[in-house]
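This structure is a prediction, so every number in the text was calculated from the model and none was measured.
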Amino acid sequence: MQRRELLKAAAGAAVGLIGTGYFNAASAQTEVSLRSLADKKGFRFGSAIDYQNLKDEWLKDLYRRHCNSLTARNALKWIGTERSPGKFGFDEADAIIAFAEAEGMKSYGHTLVWKNVPGWVSRIKNAAEARRVMLRHVRTVVGHFKGRVDAWDVVNEPMEYDAAEMRSWAIQNLLGDDYVAESFLAAHESDPDAVLVLNEAHLEKAGANYEQRRSLLLKLIEAQLAKGAPIHAVGLQGHFRPGLDRLDEAAVARFCGELKDMGLSVFITELDASCRFTYADKKFSEADYGRIFESFVTTVAESGNLKGVTVWGLAEKYGELEPKPVGACRKYINLYDDYNEPRSTVEGLVAALNSL
């Protein structure tokens, strides 16, 4: 057996897997704790959370069982904290972070500067005004949570979602790539102890287009570091689309190795999967979701300086709808399905955490 297979077998024995290789609901609820596994490794494992999730006791217990870190999915985005110019509101984010603190969890901040901004930001036409507004936003948000949020997605998705080119959006169009270095510097000034992350999607996939994306991001990072930008880590989102694209383990290993050589760490920040394209892969099965999660986490850990993993939600019953549902595919794949039963992704992550 290969090393990963041995580790997976050991993980299964340790947490009581049933004969088919999946957790049953009872064992998942009473025995499996990703948080315990992560804590033993001194590792960060977390999930996205929304404000409304705090109203559900079953789901709160699930966060307590599995997470030593929480990421506010929407409450810390620009549209959630500064809907009107200079008028900041943190009620929902404060509640999420207070819950994390009460449960001994860390808080990961998502996200400061991203293309989804309030309409009033998009209407700015002057570069000086755009810079002033952006820096005020970064400094105010990071300053409000200084010492409470220990890591931030400072810049999110600077590239187009699937293309190897910089994204065209309000701030980028007025300030160019300089907005990246300036926002990181402002965040660092506001909380010098926070880990600052550049978060990007679709860096894990196979194909020439995705290789070009990895190359472009490395060039962007090198240019911003040369300007003094305190970029500490890169976030690999990990939104997988089985049947449409696939994980390129060798390319991910090379990329994470290059980041490590540059002195940068890696976070897996938004791990989930889409079921919308699986019809295109006749051999695809439920177990493959777990294999993808395990392979991705293990590959990054073996080749780069992996600091943490965040899944983009724990339970699909409370999760995000697929934009274009296909048949029974209605939700993004997380750890627990619509009936609150564990998926193979739990098994995959147990194996991955045991291999760290």
Side-chain angles (χ1 to χ4, degrees), residues 48 50-52 71-96 108-146 149 152-191 194 196-202 213 216-217 220-221 223-224 227-231 235 237 239 269-270 312 320-321 323-324:
D50 288 307
Y51 174 70
Q52 59 266 32
T71 299
R73 189 199 309 267
N74 293 303
L76 282 171
K77 292 175 180 175
W78 201 326
I79 56 175
T81 57
E82 191 187 4
R83 295 183 178 90
S84 301
K87 295 181 180 179
F88 290 85
F90 298 110
D91 289 351
E92 292 191 359
D94 280 335
I96 290 170
Y108 186 106
H110 175 82
T111 175
L112 296 170
V113 183
W114 181 41
K115 59 107 175 179
N116 281 10
V117 292
W120 64 268
V121 177
S122 296
R123 291 190 288 272
I124 295 173
K125 303 299 182 184
N126 178 274
E129 177 65 6
R131 177 174 289 107
R132 184 187 70 81
V133 163
M134 180 188 75
L135 296 180
R136 178 187 65 193
H137 180 79
V138 171
R139 289 168 178 153
T140 301
V141 177
V142 176
H144 180 83
F145 294 103
K146 182 179 180 180
V149 173
W152 285 96
D153 287 335
V154 178
V155 170
N156 188 52
E157 298 176 2
M159 294 190 291
E160 294 290 352
Y161 198 60
D162 267 313
E165 59 188 54
M166 296 300 292
R167 187 188 296 276
S168 174
W169 69 287
I171 299 292
Q172 166 77 29
N173 293 344
L174 292 170
L175 302 182
D177 294 349
D178 286 348
Y179 87 91
V180 177
E182 293 180 25
S183 57
F184 271 87
L185 286 165
H188 184 65
E189 291 166 3
S190 300
D191 189 348
L196 306 182
V197 185
L198 194 160
N199 194 40
E200 186 55 88
H202 299 320
R213 284 175 63 79
L216 178 60
L217 190 69
L220 174 67
I221 292 170
Q224 302 309 307
K227 297 174 185 176
I231 301 173
Q237 292 184 10
H239 294 299
T269 54
E270 303 181 25
W312 211 229
E320 292 184 297
L321 293 171
K324 297 179 181 179

Requested in this report: List the steps, then state whether side chain to side chain contact (heavy atoms under 4.5 Å, CB included) holds for K77 with T111.
Outcome: CA-CA 5 Å; K77 292 175 180 175; T111 175; 4.2 Å; yes

Requested in this report: Any chance you could lay out the side chain to side chain contact (heavy atoms under 4.5 Å, CB included) test for T71 and T269, step after step, and finish with the verdict?
Outcome: CA-CA 9 Å; T71 299; T269 54; over 6 Å; no

Requested in this report: Test W78 against N156 for side chain to side chain contact (heavy atoms under 4.5 Å, CB included), laying out the working first.
Outcome: CA-CA 11 Å; W78 201 326; N156 188 52; over 6 Å; no

**Report entry** From CA spacing to verdict: salt bridge (charged side-chain N to carboxylate O under 4.0 Å, His left out), E157, R167
**Finding:** CA-CA 8 Å; E157 298 176 2; R167 187 188 296 276; 3.3 Å; yes

**Report entry** side chain to side chain contact (heavy atoms under 4.5 Å, CB included) between F184 and L198, worked out
**Finding:** CA-CA 9 Å; F184 271 87; L198 194 160; 3.9 Å; yes

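Between S190 and K146 there is no side-chain heavy-atom pair separated by less than 4.5 Å. Looking only at side-chain heavy atoms (C-beta outward), F145 and D191 stay at 4.5 Å or farther from each other. At least one side-chain heavy atom of E82 sits under 4.5 Å from a side-chain heavy atom of W120.
When atom types are taken as modelled, the side chain of N126 and the backbone of A128 share a donor-acceptor pair closer than 3.5 angstrom. No donor-acceptor pair closer than 3.5 Å links the side chain of Q237 to the backbone N or O of E270. Checked by atom type and distance alone, the side chain of E200 pairs as donor or acceptor with a backbone atom of M159 at under 3.5 Å. Listed for the T140 side chain is no donor-acceptor partner under 3.5 Å among the backbone atoms of H137.
Across all their heavy atoms, Q172 and D177 have their closest contact at NE2-OD1, 3.1 Å. Nearest heavy atoms, L76 versus G109: CD1-CA, 3.9 Å. The two atoms that bring L220 and M166 nearest to each other are CD2-CE, 3.9 Å, heavy atoms only. Scanning both residues, E182 and L135, for their nearest heavy atoms gives O-CD2, 3.6 Å. Across all non-hydrogen atoms, the minimal contact from W114 to W169 is O-CZ3, 3.2 Å. A pairwise comparison of heavy atoms in W312 and H110 identifies CH2-CD2, 3.8 Å as the closest pair.
With sequence neighbours left out, S168 forms a side chain to side chain donor-acceptor pair (under 3.5 Å) with N173.
The environment of CZ in F90 is crowded: more than 12 heavy-atom neighbours from other residues, nucleotides or ligands sit within 6.0 Å.
Taking NE2 from H202 and CG from L217, the interatomic distance works out to 14.0 Å, rounded to the nearest 0.5 Å. Note that CZ of R213 and CG of D162 are 6.5 Å apart. Values are rounded to the nearest 0.5 Å. Distance NE2/H144 to CG/D94: 3.5 Å, rounded to 0.5 Å.
Between E189 and R139, at least one side-chain N (NZ, or NE/NH1/NH2) sits under 4.0 Å from a carboxylate O, which counts as a salt bridge. Using a cutoff of 4.0 Å between basic side-chain nitrogens and carboxylate oxygens, D178 and K227 are scored as salt-bridged.
Residue L112 forms a side chain to side chain contact (heavy atoms under 4.5 Å, CB included) with just one option from T81, D153, V142, V155, and that option is V142.
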